[in-house]
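See below for the structure under consideration.
Remember, it's a predicted structure, so these values are computed and weren't measured experimentally. Residue numbers start from 1 in every chain, and the chains themselves are labelled A, B, ... in the order their sequence lines are given, proteins ahead of strands.
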There are 2 protein chains.
Amino acid sequence: METHVLKSADVKSTKKRNLLLSILKEEKQAITAENLHEKANKILPMNISTVYRSLAFFTEKGILSKNIHKDGKAYYQIQNHMHQHTLHCTFCHENIPVAQCPLTELEESLSNETGYKILGHTLQFSGICPSCAKKQSSQE
Amino acid sequence: METHVLKSADVKSTKKRNLLLSILKEEKQAITAENLHEKANKILPMNISTVYRSLAFFTEKGILSKNIHKDGKAYYQIQNHMHQHTLHCTFCHENIPVAQCPLTELEESLSNETGYKILGHTLQFSGICPSCAKKQSSQE
DNA sequence: TTACATGCAAATACTTTGCATATAA
DNA sequence: TTATATGCAAAGTATTTGCATGTAA
């Protein structure tokens, strides 16, 4: 999709879009299209392509942030300043949330340096969780 | 690939792997498998699957870092402490490097808080570059 | 000799798209 | 009525994998 011009296109408020948005608002962690579809589909049956199209639409409008994680899947969450980053175990693929985001100040200085209007960022840590570290050392 | 046990497997040093690694060492920015293949293939013809397999191998060994960018592609670079992050324009998709990485200290406190052994992180900023911002406002 | 590396083609997995139909405004 | 949303199936794209063959140690 290369429609970079954000014309305020005519927008219909549909039941499906509203449902998707309300599920996303409840979520504290970013979720995948597939995961969102599973949840929404139970309440109001819809096709996965509707989910993808809605997610693209909301992301384009700046309502959602989209991040691609190490597993190669896109994760979406409501765009707010209290967003959440994760720490990912490269062994068991557990994800745990990171307490706070330290980048707000940095974004400001980055904006001054580069002239960019900063819209957001993607941040993910990876490492080895305590239990995997234990298993690993006991195998040697 | 779920071979989580990092046994120090027998490793062969082949011309192709050496070439790939030496190209990666010269690169200052992270590059994609396809891009790496293009460069390597001119010097020593090889299949793209060899590139993917080598990249997976090096990443598993901790020699490379692998990050998935907003375009959905994996970018690889030599794992060192002077790594580079980027700022990405959501309109023209230009990528510019970010001067320094502010996360080393944070990784330490995160490690203390969670018990994880932190191996690395993915960080990408996105925004609108000055020239796209100009074009955008002149269209309204 | 033997285990690992590679080429090739086919398979995967997530995501996007074309087209006909349905629906909000 | 009319432009936009949706379902369905097919296509797209980056990546992975099975298997036969090649090659370093």
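Between the side chains of B/H121 and B/H85, at least one donor-acceptor pair of N or O atoms lies under 3.5 Å. No side-chain donor-acceptor contact under 3.5 Å links B/N112 and B/Y116.
Atom NZ of B/K70 is surrounded by more than 12 heavy atoms from other residues, nucleotides or ligands within 6.0 Å. A/Q29 CD: more than 12 foreign heavy atoms inside a 6.0 Å radius.
The interatomic distance linking A/N18 (CG) with C/dA24 (P) rounds to 11 Å, in whole Å. Protein atom CD of B/E60 is 14 Å distant from nucleotide atom C1' of C/dC4, rounded to whole Å. One interatomic measurement links the two molecules: CZ of B/R53 to P of C/dC8, which rounds to 12 Å at whole-angstrom precision. When the P atom of C/dA22 is taken as reference, atom NZ of A/K15 falls 16 Å away, rounded to whole Å. Atom P of nucleotide D/dA14 and atom NE2 of A/H69 are separated by 21 Å, given to the nearest angstrom. Rounded to an integer number of Å, the gap from CD1 of A/I68 to C1' of C/dT16 is 13 Å. Look at OH on A/Y76: it is 13 Å from P on C/dC14, rounded to the nearest Å. Distance B/D71 CG to D/dG12 C1': 15 Å, rounded to the nearest Å.
Taking every heavy atom of residues 35-52 of chain B and every atom of DNA chain D, pairs under 4.0 Å involve B/S49, B/Y52, by number.
The closest side-chain heavy-atom distance from A/S22 to A/N18 is not below 4.5 Å. Counting heavy atoms from C-beta outward, A/T86 and A/H69 have side chains that approach closer than 4.5 Å. Side-chain contact between B/L55 and B/F57 is absent, with no heavy atoms from C-beta onward closer than 4.5 Å.
Taking only side-chain atoms of B/T14, from C-beta outward, the nucleotide of C/dA5, D/dA5, C/dT15 with the closest atom is C/dA5. Across D/dA5, C/dT6, C/dT15, the shortest atom-to-atom separation from the side chain of A/R17 is found for D/dA5.
Residue A/K16 places none of its side-chain N or O atoms closer than 4.0 Å to OP1 or OP2 of C/dT23.
Screening residues 28-45 of chain B for salt bridge (Lys or Arg N to Asp or Glu O under 4.0 Å), with sequence neighbours left out, gives B/E27-B/K39.
Annotation for B/N41 and B/M46: closest pair OD1-N, 2.8 Å, computed over non-hydrogen atoms.
The C1' atoms of five pairs define one axis at each end of the helix from C/dT1-D/dA25 to C/dA25-D/dT1, and these two axes lie 40° apart (to 10°).
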